[in-house]
Amino acid sequence: MAHTAPVSLTRTLAVLAIVIAMIIYVAFFNWTHRVRPDQQAVVRGQLVEWSERNASKGEKTPRFTIGGYRGDFRIDPFIFRHLMKRQMPIGFVPGANVEITADATQLTSPAHPLLDPGASIIWVNGLSVEGRRQFDVTNVVEYRKRDSIWLIPLLGVPLALFGYYAMLWLRRRKHPTA
């Protein structure tokens with residue numbers, strides 16, 4: 001009969017703690033461009049060009065440039081899917097007059113993603129084309145609140161497992177088996 005090695009709870013707790021830390025980091029990284037309505041600025045200009053880029057999990061994100069501004073303006077892929085129904089507005093063509101709401105800090109210093117450090121990204125938190133509003137900061141903030149509900153079960157399950165294994169580890173320390 002084969003003898004199996006006992007599971008090391010100390011190692012299991014360490015691995016579980018690393019998994020929890022990674023989940024928290026990914027959740028934090030997802031929200032690093034959190035929208036704060038009081039820190040937004042509005043810019044106006046003419047659309048130079050636009051395209052769709054692949055984002056995570058097969059999602060698309062619109063990328064466009066506006067005359068007089070450096071950096072790529074991008075719409076969050078989930079905002080594009082849910083608020084814009086994966087459709088760019090009518091009249092969103094080169095030369096169109098656009099009004100963008102974005103984080104004031106990103107307008108002066110665009111974000112540079114880890115996997116594409118050469119890219120300069122300004123996340124769009126409000127868009128109007130030829131005077132027709134598509135979405136604004138209020139819509140984005142409301143969407144983010146609804147969307148953040150998934151974090152609760154995502155963090156709850158690993159934390160519950162961590163608590164369970166911690167209790168087992170404490171019991172074994174108090175009552176070691178001979």
Side-chain angles (χ1 to χ4, degrees), residues 15 17-152 154-155 158:
V15 169
I18 290 169
V19 168
I20 291 170
M22 287 173 49
I23 289 170
I24 291 170
Y25 174 77
V26 167
F28 173 76
F29 185 73
N30 185 45
W31 294 101
T32 53
H33 53 271
R34 185 175 298 266
V35 179
R36 295 201 162 141
D38 60 329
Q39 297 178 352
Q40 302 297 302
V42 175
V43 296
R44 292 170 185 84
Q46 287 191 329
L47 180 66
V48 174
E49 54 90 23
W50 79 278
S51 62
E52 286 185 358
R53 293 185 51 97
N54 288 327
S56 64
K57 298 179 184 173
E59 295 290 332
K60 299 280 187 181
T61 181
R63 182 204 68 72
F64 55 94
T65 56
I66 297 175
Y69 293 94
R70 64 182 183 93
D72 288 346
F73 288 89
R74 293 194 189 175
I75 298 172
D76 182 288
F78 300 106
I79 299 295
F80 183 56
R81 179 177 62 192
H82 293 287
L83 292 181
M84 299 180 70
K85 309 289 188 237
R86 293 187 177 114
Q87 297 289 320
M88 291 309 289
I90 295 172
F92 195 75
V93 295
N97 293 315
V98 294
E99 181 178 287
I100 304 297
T101 304
D103 185 272
T105 305
Q106 283 187 4
L107 287 169
T108 57
S109 179
H112 300 281
L114 292 173
L115 299 178
D116 190 7
S120 297
I121 298 174
I122 302 165
W123 292 102
V124 175
N125 297 319
L127 174 66
S128 292
V129 179
E130 297 293 345
R132 293 180 306 275
R133 187 182 82 189
Q134 302 305 308
F135 64 93
D136 62 17
V137 176
T138 306
N139 301 127
V140 173
V141 169
E142 288 173 3
Y143 172 76
R144 295 257 187 218
K145 283 181 185 176
R146 284 191 317 269
D147 188 51
S148 64
I149 296 298
W150 66 270
L151 285 174
I152 294 168
L154 182 67
L155 291 175

Practice item. For Glu130 and Gly95, work out which heavy atoms get closest and say how close. Key: OE2-O, 4.5 Å

Practice item. Hey, could you give me the OH/CG distance between Tyr143 and Leu83, rounded to the nearest 0.5 Å? Key: 7.5 Å

Review point. Who pairs with Asn139 by side-chain hydrogen bond (donor to acceptor under 3.5 Å, both in side chains), at least two apart in sequence or on another chain?
Key: none

Check your understanding: What residues, two or more places apart in sequence or in another chain, satisfy side-chain hydrogen bond (donor to acceptor under 3.5 Å, both in side chains) together with Gln87?
Key -> none

Review point. What residues, two or more places apart in sequence or in another chain, satisfy side chain to side chain contact (heavy atoms under 4.5 Å, CB included) together with Ala104?
Key: Ala41

Practice item. Please say whether more than 12 non-hydrogen atoms of neighbouring residues, nucleotides or ligands are located less than 6.0 Å from CZ in Arg36. Key: no

Study note, to complete from the structure: One should read off an interatomic distance between Met84 CE and Gln134 CD, to the nearest 0.5 angstrom, of 5.5 Å

Review point. Does the Arg63 side chain pair with the main chain of Ile75, one donor and one acceptor, at a distance under 3.5 Å?
Key: no

Revision key, fill the gap. Taken in chain and number order and not counting sequence neighbours, the residues that satisfy ring pair (Phe, Tyr, Trp, His ring centres under 6.0 Å) with Phe92 are Trp50, Phe64

Exercise for review: Please step through side-chain contact (heavy atoms from CB on, under 4.5 Å) for the pair Ile100 and Val42, ending with a clear verdict.
Suggested key: CA-CA 6 Å; Ile100 304 297; Val42 175; over 6 Å; no

Point to revise | Minimum heavy-atom distance Gly71-Thr65, with the two atoms named | key: O-CG2, 4.0 Å

Exercise for review: Go through the steps to decide whether Val124 and Thr101 satisfy the test side-chain contact (heavy atoms from CB on, under 4.5 Å), and finish with yes or no.
Suggested key: CA-CA 6 Å; Val124 175; Thr101 304; over 6 Å; no

Check your understanding: Looking at residues at least two apart in the chain, or sitting in another chain, which of them share a salt bridge (charged side-chain N to carboxylate O under 4.0 Å, His left out) with Arg133?
Key -> Asp136

Point to revise | Contacts of Arg81 that satisfy side-chain hydrogen bond (donor to acceptor under 3.5 Å, both in side chains) - sequence neighbours left out | key: Glu59

Exercise for review: To the nearest 0.5 Å, tell me how far Lys60 NZ sits from Met88 CE.
Suggested key: 13.5 Å

Check your understanding: Closest heavy-atom contact between Pro94 and Val48?
Key -> CB-O, 3.4 Å

Review point. Passes side-chain contact (heavy atoms from CB on, under 4.5 Å), Phe135 versus Val140? Steps please.
Key: CA-CA 8 Å; Phe135 64 93; Val140 173; 3.7 Å; yes

**Study point:** Closest heavy-atom pair and its distance - Ser109, Arg70
**Key:** CA-NH2, 4.3 Å

Review point. Taking only residues two or more places apart in sequence or in another chain, which ones pass side chain to side chain contact (heavy atoms under 4.5 Å, CB included) with Gln46?
Key: Asn97

**Study point:** Distance, nearest 0.5 Å, that separates CD1 of Ile122 from CD1 of Ile66
**Key:** 8.0 Å

Study note, to complete from the structure: Here the pair of heavy atoms bringing Pro77 nearest to Trp123 is CD-CZ3, 4.5 Å

Review point. Do you know the tightest heavy-atom contact between Val129 and Ala96?
Key: CG1-CB, 4.4 Å

Practice item. Sequence neighbours left out, what passes side chain to side chain contact (heavy atoms under 4.5 Å, CB included) with Ser120? Give chain and number order. Key: Pro110, His112

Check your understanding: Got a sec, which residues hit side chain to side chain contact (heavy atoms under 4.5 Å, CB included) with Asp103, two or more places apart in sequence or on another chain?
Key -> Gln39, Gln40, Thr105, Gln106

Point to revise | side-chain hydrogen bond (donor to acceptor under 3.5 Å, both in side chains) involving Arg44 - partner list, sequence neighbours excluded | key: Glu99

